[in-house]
Amino acid sequence: QVQLVESGGGLVQAGGSLRLSCAASRRTLSSYATGWFRQAPGKERDFVAAINWSGTTYYVDSAKGRFTISRDNAENTVYLRMNSLKPEDTAIYYCASSSRGFPTGVYSYFRSHSNYAYWGQGTQVTVSS
């Protein structure tokens with residue numbers, strides 16, 4: 001069974017940085033899209049960023065210029081580097097792997113959690129003011 005394991009969350013002050021990792025087993029991430037989503041208490045799970053099998057990246061507007069998604073094919077791991085963190089970035093962060101291999105589509109496809117079949121357990125990010 002496909003497993004995704006997130007790590008790297010924690011408590012950081014506003015303006016600080018974190019790097020989240022999403023390690024996969026039984027699935028080659030470079031053949032799928034990997035997305036990062038986050039869910040704050042009492043809110044819906046929202047799209048943050050995605051990287052397609054081709055390396056194309058997609059970001060929600062609030063993440064542009066601050067967050068960078070990348071992939072290490074040798075490690076079969078996707079990263080989310082988060083800089084200039086704000087208290088409103090506080091949430092549980094989840095990574096997910098797309099249902100389809102080698103997906104094609106536009107931004108709206110990769111930001112929809114219905115297009116992801118496998119999810120990690122989440123990692124908590126807390127940004128203090």
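Keep in mind that the numbers below use all heavy atoms, side chains included, and drop hydrogens, waters and symmetry copies.
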Can any side-chain N or O of [X] pair as donor or acceptor with the backbone N or O of [Y] at less than 3.5 Å?
X   : Y    : answer
D72 : A74  : yes
E6  : Q121 : yes
N76 : T28  : no
R45 : R38  : no
Y59 : I69  : yes

Rounded at 0.5 Å granularity, tell me how far [atom1] in [X] sits from [atom2] in [Y].
X   : Y    : atom1 : atom2 : result
Q39 : H113 : CD    : NE2   : 8.5 Å
E75 : L29  : CD    : CG    : 11.5 Å
D89 : F67  : CG    : CZ    : 4.0 Å
K86 : S62  : NZ    : OG    : 7.5 Å

Does R27 make a cation-pi contact with Y32 (under 6.0 Å, within 45 degrees of the axis)?
->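 Here R27 passes the 6.0 Å and 45° test against Y32.
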For S99, all residues meeting side chain to side chain contact (heavy atoms under 4.5 Å, CB included), sequence neighbours excluded = A117
Tell me, do [X] and [Y] make a side-chain contact under 4.5 Å, heavy atoms counted?
X    : Y    : answer
F110 : N52  : yes
Q124 : T90  : yes
V78  : I51  : yes
R100 : Y109 : yes
L80  : V48  : yes
S30  : N73  : yes
L4   : S97  : yes

Any idea how F37 and Y116 line up, ring-wise: parallel (<30°), tilted (30 to 60°), or perpendicular (>60°)?
->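 Because their plane-to-plane angle is over 60°, the rings of F37 and Y116 count as perpendicular.
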In terms of hydrophobic clustering (I, L, V, M, F, W, Y; side-chain heavy atoms under 4.5 Å; direct or indirect links), are W36 and V125 co-clustered?
-> yes
Enclosure of R71 CZ (heavy-atom neighbours >12, cutoff 6.0 Å) = yes
S114 and S112: side chain donor to acceptor below 3.5 Å =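 The criterion, which ignores hydrogens and geometry beyond distance, is satisfied for S112 and S114.
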ring-ring contact (aromatic ring centres under 6.0 Å, His included): which pairs involve residues 79-103, sequence neighbours left out?
->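 For residues 79-103: W53-F102.
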Check: residues 13-25 side-chain donor-acceptor pairs under 3.5 Å, at least two apart:
residue, atom, partner, partner atom, Å
S17, OG, N83, OD1, 2.9

Any chance the rings of Y107 and F47 have centres within less than 6.0 Å?
-> yes
